[in-house]
Engineer: 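The structure that follows is given in the form of structure tokens.
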Protein chains: 2
Amino acid sequence: MRTPERNATALDLVLELVVLLNEDMTRALARDGLTGSRARLLWELRSRGPCTQKVLADALAVSPRNITGLVDALAEGGFVTREPHPNDRRATLVSFTRHGARIARNLAEGREQLAELLFATMPDRQFDGLVDGLEALLARLRAELAANTSSTKGGRR
Amino acid sequence: MRTPERNATALDLVLELVVLLNEDMTRALARDGLTGSRARLLWELRSRGPCTQKVLADALAVSPRNITGLVDALAEGGFVTREPHPNDRRATLVSFTRHGARIARNLAEGREQLAELLFATMPDRQFDGLVDGLEALLARLRAELAANTSSTKGGRR
DNA sequence: TATTGTTATACTCTATAACTATA
DNA sequence: TATAGTTATAGAGTATAACAATA
């Protein structure tokens, strides 16, 4: 039987992981002149190709107003351009500049390199155990969030 | 031999965990009228007892100016008070109100409950594998951050 | 002279509401 | 009338720099 203390310690590990991962990624993004939110937008743009701000707002689950600001900053930084939409004159198409496309590739590369840094030297047995545990954790969290999101309102505590 | 794709997928699991955990905690804090930064301050205050803003600034690794703002908000919300420091008239002591102390206990309880939610029903074998993997992951991340922080300046990519 | 906390200023992320141009 | 994106306004977190009071 496991003690609550051991469970609490395991949660501490997860939370430290969150903090360190965040620091590492923030630092790496800053080297490219990016923030987390702006990088997320580039990431979406990369997987979707040129798209409207409305599409980006829905994809990132933020307000249209917020997208205006992020695209403003990314355009100013030379990462993206705003083009008129060919069919709908209300809309604008956000597209990569050459520089933006290069940086987006860098983001993808950086992520691969992070994955290798974290996992490449890990023995298979350990890796499998970690993945198995992470999947179990995610299943519990998803269930919890679904329960709390769906109006029920209660939640822990 | 593991493929880069499997490593990338494992990183995706970790990143999804980060996102969901963040959502869950943000939601829980909002129920107590708190944000992440304000809760972190309360958390420090709980483990240290009444202390100066300078101490809090160092503990949370943010600017003194930032602490002024957080304490302003927490004082306005009735979580903490500012008292004159007995020995040093430049400094102020930040202390819990009754309500703040109660909420801080709630935070600790909520964390225990989250740990139980995530781990209590997890088989020992799976739990051990997860903890083992997490520790290995953390070791790599700490090393990476230390390398990148210490002036070397290079880093991945 | 050094330290504590504040005011002043600024940047980022975020939201809602009102408005413009277009469908 | 509905939609895309903007301006206007606001709140939260963060930073640096200048300044006050006190050590």
Side-chain angles (χ1 to χ4, degrees), chain A residues 18-19 22-23 25-27 29-45 48 50-77 79-95, chain B residues 18-19 22-23 25-27 29-45 48 50-77 79-95:
Chain A
V18 169
V19 169
N22 195 39
E23 271 180 45
M25 293 175 74
T26 301
R27 207 163 290 195
L29 290 176
R31 282 199 287 267
D32 284 332
L34 287 174
T35 64
S37 294
R38 292 170 195 180
R40 252 168 265 136
L41 194 155
L42 294 187
W43 192 261
E44 276 306 318
L45 198 58
R48 288 168 187 274
C51 58
T52 66
Q53 298 190 182
K54 169 66 165 139
V55 166
L56 291 170
D58 291 343
L60 300 175
V62 299
S63 66
R65 177 60 184 91
N66 196 351
I67 296 294
T68 298
L70 294 175
V71 172
D72 283 352
L74 287 168
E76 175 127 18
F79 298 95
V80 304
T81 58
R82 272 190 253 242
E83 315 278 2
H85 190 290
N87 310 326
D88 186 340
R89 291 197 312 186
R90 295 170 305 180
T92 62
L93 274 185
V94 181
S95 311
Chain B
V18 169
V19 170
N22 195 41
E23 270 180 45
M25 295 175 72
T26 301
R27 209 165 288 194
L29 290 175
R31 282 199 287 268
D32 284 331
L34 286 174
T35 63
S37 294
R38 292 171 195 181
R40 252 168 266 138
L41 194 155
L42 294 187
W43 193 260
E44 275 305 317
L45 198 57
R48 288 168 188 273
C51 59
T52 66
Q53 298 190 183
K54 168 66 166 139
V55 167
L56 292 170
D58 291 342
L60 300 175
V62 299
S63 66
R65 177 61 185 93
N66 196 352
I67 296 294
T68 297
L70 295 175
V71 171
D72 283 353
L74 288 167
E76 174 126 21
F79 298 95
V80 304
T81 59
R82 271 190 255 241
E83 315 278 3
H85 190 290
N87 309 326
D88 187 341
R89 292 198 311 188
R90 293 169 305 180
T92 62
L93 274 185
V94 181
S95 311

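Throughout, protein chains are lettered first and strands after them, A, B, ... in sequence-line order, and every chain is numbered starting at 1. The figures here come from the full heavy-atom set of this structure, side chains too, leaving out hydrogens, waters and symmetry mates. Note that the structure is predicted; figures quoted are calculated from it, not measured.
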Engineer: Rounded to whole angstroms, how far apart are CG on B:Asp72 and C1' on C:dT6?
Structural biologist: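 Checked: the CG to C1' distance equals 10 Å.
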Engineer: Need one value for B:Asp58: base, sugar-phosphate or nothing, where a base atom within 4.0 Å counts as base even if backbone is also close, heavy atoms only.
Structural biologist: nothing
Engineer: What's the CD-P distance between B:Gln53 and C:dG5, to the nearest Å?
Structural biologist: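 The distance from CD of B:Gln53 to P of C:dG5 comes to 5 Å, rounded to the nearest Å.
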Engineer: If you assign each of A:Arg90 and A:Pro64 to its closest nucleotide in DNA chain D, which residue comes earlier from the 5' end?
Structural biologist: A:Arg90
Engineer: Roughly, in whole Å, what's the span from CG in B:Asn22 to C1' in C:dC13?
Structural biologist: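 It is 13 Å, rounded to the nearest whole Å.
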Engineer: How would you label the contact of B:Ser37 with the nucleic acid (heavy atoms, under 4.0 Å): base, sugar-phosphate, or nothing?
Structural biologist: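 Sugar-phosphate, backbone atoms only, no base.
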Engineer: Take the protein atom CZ of A:Arg38 and the nucleotide atom C1' of C:dT12, then report the distance between them rounded to whole Å.
Structural biologist: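 For the pair A:Arg38 CZ and C:dT12 C1', the rounded distance is 7 Å.
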Engineer: Side-chain N or O of A:Thr68 less than 4.0 angstrom from OP1 or OP2 on D:dT6?
Structural biologist: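 Affirmative; the distance criterion is met.
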Engineer: Do B:Asp32 and B:Leu29 pass the side chain to side chain contact (heavy atoms under 4.5 Å, CB included) test, and can you show the C-alpha distance, the side-chain angles, and the key distance before you say yes or no?
Structural biologist: CA-CA 5 Å; B:Asp32 284 331; B:Leu29 290 175; 5.7 Å; no
Engineer: First locate atom CD of B:Gln53, then atom CZ of B:Arg65, and finally report the distance between them rounded to the nearest 0.5 Å.
Structural biologist: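 Interatomic distance, B:Gln53 CD to B:Arg65 CZ, rounded to 0.5 Å: 10.0 Å.
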Engineer: B:Asp88 side chain: which of C:dT4, D:dG5, C:dT12 is closest?
Structural biologist: C:dT4
Engineer: A:Arg82 CZ to C:dA21 C1': how many Å, rounded?
Structural biologist: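 Whole-Å distance recorded here is 16 Å.
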Engineer: OP1, OP2 of C:dT14 versus side-chain N and O of A:Ser63: anything below 4.0 Å?
Structural biologist: no
Engineer: A:Asn66 has an atom CG; how far is it from atom P of D:dT7, in whole Å?
Structural biologist: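 Rounded to whole Å, this separation is 15 Å.
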Engineer: For side chain to side chain contact (heavy atoms under 4.5 Å, CB included), just list the numbers for A:Glu23 and A:Val19, CA-CA rounded to whole Å, side-chain angles, deciding distance to a tenth of an Å, and then say yes or no.
Structural biologist: CA-CA 6 Å; A:Glu23 271 180 45; A:Val19 169; 3.8 Å; yes
Engineer: Would you give the length of the straight line joining atom SG of B:Cys51 to atom CD of B:Glu44, rounded to the nearest 0.5 angstrom?
Structural biologist: 8.0 Å
Engineer: Considering every strand and a 4.0 Å limit on heavy-atom distances, what is the contact class for B:Leu70: base, sugar-phosphate, or nothing?
Structural biologist: sugar-phosphate
Engineer: Figure out the CZ/P separation between B:Arg89 and D:dA23, and round it to whole Å.
Structural biologist: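 Answer to the nearest Å: 5 Å.
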Engineer: Pick base, sugar-phosphate or nothing for B:Arg65, based on heavy-atom distances below 4.0 Å to the nucleic acid.
Structural biologist: base
Engineer: Which value, rounded to the nearest 0.5 Å, describes the distance between A:Ile67 atom CD1 and A:Leu41 atom CG?
Structural biologist: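 Spacing of CD1 (A:Ile67) from CG (A:Leu41) equals 5.0 Å.
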Engineer: Check the distance between C:dG5's P and B:Leu41's CG and give it to me in whole angstrom.
Structural biologist: 12 Å
Engineer: Using a 4.0 Å heavy-atom cut-off, does A:Asn87 contact any base of the nucleic acid, only the sugar-phosphate backbone, or nothing at all?
Structural biologist: sugar-phosphate
Engineer: OP1 or OP2 of C:dT4 versus the side-chain N and O atoms of B:Thr52: is any pair under 4.0 Å?
Structural biologist: no
